[in-house]
2 protein chains.
Amino acid sequence: MTRIQDKRVRLVDAAKALFHTCGFHLTTLADIAQEANVPLGNVYYYFKTKESLAEAVLVKRSRELHEALQAWEQGETVKDRLLAYVQYEIDNVEQTVQSGCPIGSLCQELAKQGGSLADGAAKLLNDTLLWVEHQFQSMGMGHDSHELAEQFVAAIQGNALLTHTFKDPKILEKLKPTLSAWIDKVASSKNVSMQREKVEEYA
Amino acid sequence: MTRIQDKRVRLVDAAKALFHTCGFHLTTLADIAQEANVPLGNVYYYFKTKESLAEAVLVKRSRELHEALQAWEQGETVKDRLLAYVQYEIDNVEQTVQSGCPIGSLCQELAKQGGSLADGAAKLLNDTLLWVEHQFQSMGMGHDSHELAEQFVAAIQGNALLTHTFKDPKILEKLKPTLSAWIDKVASSKNVSMQREKVEEYA
DNA sequence: GTCTATATACAGATAGAC
DNA sequence: GTCTATCTGTATATAGAC
């Protein structure tokens with residue numbers, strides 16, 4: 001790409017990192033410009049407002065999320081896929097210890113002020129939720145899939161908050177065996193009723 | 001109390017509400033002063049800095065939390081007590097829809113900047129966690145109590161985040177039967193091993 | 001396209017009359 | 001104790017030379 005795109009990319013990357021570590025409101029455009037090695041006045045050539053820069057960050061986070069979802073989707077069994085998601089959180093646990101879940105903290109901070117930023121952050125969490133729900137459907141959980149997905153994502157988000165608040169990576173790490181056992185239990189309890197319900201096709 | 005205390009109380013109440021609905025950084029002292037019907041310049045007679053006002057808010061939240069814990073403690077069985085906590089969240093679900101869990105959102109926002117505010121917010125969540133852990137100990141869950149408490153609190157915090165993000169009170173409302181069944185399952189699975197473990201005294 | 005200098009707005013905090 | 005007026009710093013955003 002051209003040099004102009006490089007600067008734009010650098011600004012979005014710097015903003016993405018700083019919004020996560022310091023939060024949206026505490027991060028100044030001067031901080032972002034410095035981190036990206038771009039003079040402050042030049043930022044406005046690429047982004048008219050701080051909000052439009054934040055929107056670009058949300059677009060980038062969305063692209064990265066869907067790449068991750070695709071990667072986890074490669075797992076052989078549904079359980080493998082769901083645990084790949086959990087493992088991803090564990091691989092990035094130091095980030096979560098320092099600044100919380102990147103998506104969860106965006107939702108918490110941006111949901112309060114409404115507007116397009118709140119919607120964009122909510123969509124990240126919703127896309128995650130829909131993917132998990134799809135996994136449970138592939139498992140044959142039918143109508144329960146939505147609530148199971150909510151419990152799964154809530155468990156990860158809740159444990160990420162505890163991890164961040166108490167600066168303790170072990171909290172997230174312990175979650176993997178816990179969720180693994182929970183998936184088994186959920187699946188086995190469903191197998192009983194599978195005798196009378198049609199098993200859904202894997203998508 | 002004297003009139004001077006009234007103003008102080010009004011400022012703390014206004015700050016408590018606004019920090020929750022708008023977040024700490026987005027709330028200005030002018031907003032707080034207006035909400036409390038106190039002239040801006042007079043705020044500094046009671047609180048030298050915005051941070052010291054936030055500390056007073058944390059003290060108030062801590063007092064209120066411990067009052068709530070005592071109220072829930074009146075439940076007859078351990079399950080009643082834990083579900084009283086969940087019911088409390090449901091009773092205040094509209095607040096959570098609008099602004100998230102008061103304690104969880106404080107932790108998320110203040111943990112990033114460290115300092116005494118981060119510690120104060122973390123203590124609120126930790127006190128909650130310790131109370132839940134104590135309940136599980138009273139149930140005879142022994143060494144598992146800590147991790148059960150983490151899962152319990154994480155479930156509530158995670159569901160509060162989803163409730164806030166998706167503006168959907170039903171998410172938190174559905175949690176009560178889910179956790180109720182979970183408590184039963186946990187208790188019954190422990191009853192098996194109670195035959196070989198000493199049952200701990202209720203505190 | 002780039003970057004310095006600056007306008008504008010508003011935040012936290014203070015001075016000092018009452 | 002109270003409150004107006006204001007200081008000071010800093011954030012977003014713009015103007016305009018290069």
Side-chain angles (χ1 to χ4, degrees), chain A residues 1-58 106 109-110 112-118 120-121, chain B residues 1-58 106 109-110 112-118 120-121:
Chain A
M1 282 297 168
T2 61
R3 204 180 296 116
I4 167 174
Q5 287 303 330
D6 280 352
K7 281 200 181 179
R8 198 181 192 281
V9 168
R10 261 152 51 208
L11 283 168
V12 173
D13 283 344
K16 188 187 82 159
L18 287 168
F19 287 166
H20 184 212
T21 55
C22 308
F24 174 71
H25 293 111
L26 221 62
T27 302
T28 70
L29 289 172
D31 294 334
I32 296 167
Q34 184 171 26
E35 179 77 13
N37 271 305
V38 173
L40 175 58
N42 202 0
V43 171
Y44 291 90
Y45 177 76
Y46 298 96
F47 301 98
K48 273 187 258 297
T49 64
K50 186 183 182 183
E51 190 169 319
S52 73
L53 175 51
E55 267 162 19
V57 169
L58 289 177
L106 275 176
E109 188 174 12
L110 299 178
K112 295 196 179 186
Q113 63 206 280
S116 70
L117 292 184
Chain B
M1 283 294 171
T2 61
R3 204 180 295 116
I4 168 174
Q5 287 303 330
D6 278 353
K7 281 198 180 179
R8 200 182 190 280
V9 168
R10 260 151 53 205
L11 284 168
V12 174
D13 284 343
K16 189 188 82 161
L18 287 168
F19 287 166
H20 184 212
T21 55
C22 308
F24 174 72
H25 293 111
L26 220 63
T27 301
T28 69
L29 289 172
D31 295 333
I32 296 167
Q34 185 172 24
E35 179 78 13
N37 270 304
V38 172
L40 175 58
N42 201 0
V43 171
Y44 292 90
Y45 177 77
Y46 299 97
F47 300 98
K48 273 188 257 296
T49 64
K50 186 183 183 183
E51 191 169 318
S52 72
L53 175 50
E55 267 163 19
V57 169
L58 290 176
L106 274 175
E109 189 173 11
L110 299 178
K112 295 195 179 184
Q113 60 206 283
S116 69
L117 291 185

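Just so we're on the same page: letters track the sequence lines, and every chain starts at 1.
A:Tyr45 has no side-chain polar atom (N or O) that falls below the 4.0 Å cut-off from OP1 or OP2 of C:dT2. Side-chain N/O atoms of A:Tyr44 include none lying less than 4.0 angstrom from OP1 or OP2 on C:dT2.
Distance check, rounded to the nearest 0.5 Å: OH of B:Tyr46 to CG of B:Leu53 gives 13.0 Å.
A donor-acceptor pair under 3.5 Å is formed between the side chain of B:Glu109 and the backbone N or O of B:Phe24. In this structure, the side chain of B:Lys112 engages the main chain of A:His20 through a donor-acceptor pair within 3.5 Å. Between the side chain of A:Lys7 and the backbone N or O of A:Ala36, no donor-acceptor pair lies under 3.5 Å.
Straight-line distance from the CG atom of A:Asp6 to the C1' atom of C:dG1: 14 Å, rounded to whole Å. In this structure, B:Lys48 atom NZ and C:dA15 atom C1' are separated by 16 Å, rounded to whole Å. The interatomic distance linking B:Asn37 (CG) with D:dT2 (C1') rounds to 14 Å, in whole Å. Taking atom CG of B:Asn42 as the reference point, atom C1' of D:dT6 lies 16 Å away to the nearest angstrom. Taking atom CG of residue B:Leu40 and atom P of nucleotide C:dG12, one finds them 8 Å apart after rounding to whole Å. Separating the CD atom of B:Gln34 from the P atom of C:dC10 is a distance of 14 Å, rounded to the nearest angstrom. Atom-to-atom, CZ of A:Phe47 to P of D:dT12 comes out at 15 Å; the value is rounded to the nearest Å.
Taking a 4.0 Å limit (strictly below) on heavy-atom distances, residues 18-33 of chain A reaches DNA chain D at A:Thr27, A:Thr28, A:Leu29.
Looking at every heavy atom in both residues, B:Phe47 comes nearest to B:Arg8 through CE2-NH2, 3.3 Å.
Among the nucleotides D:dA13, C:dG12, C:dT2, the one closest to the side chain of B:Lys50 is C:dG12.
Few gaps surround CD on A:Gln113; more than 12 heavy atoms of other groups in view lie less than 6.0 Å from it.
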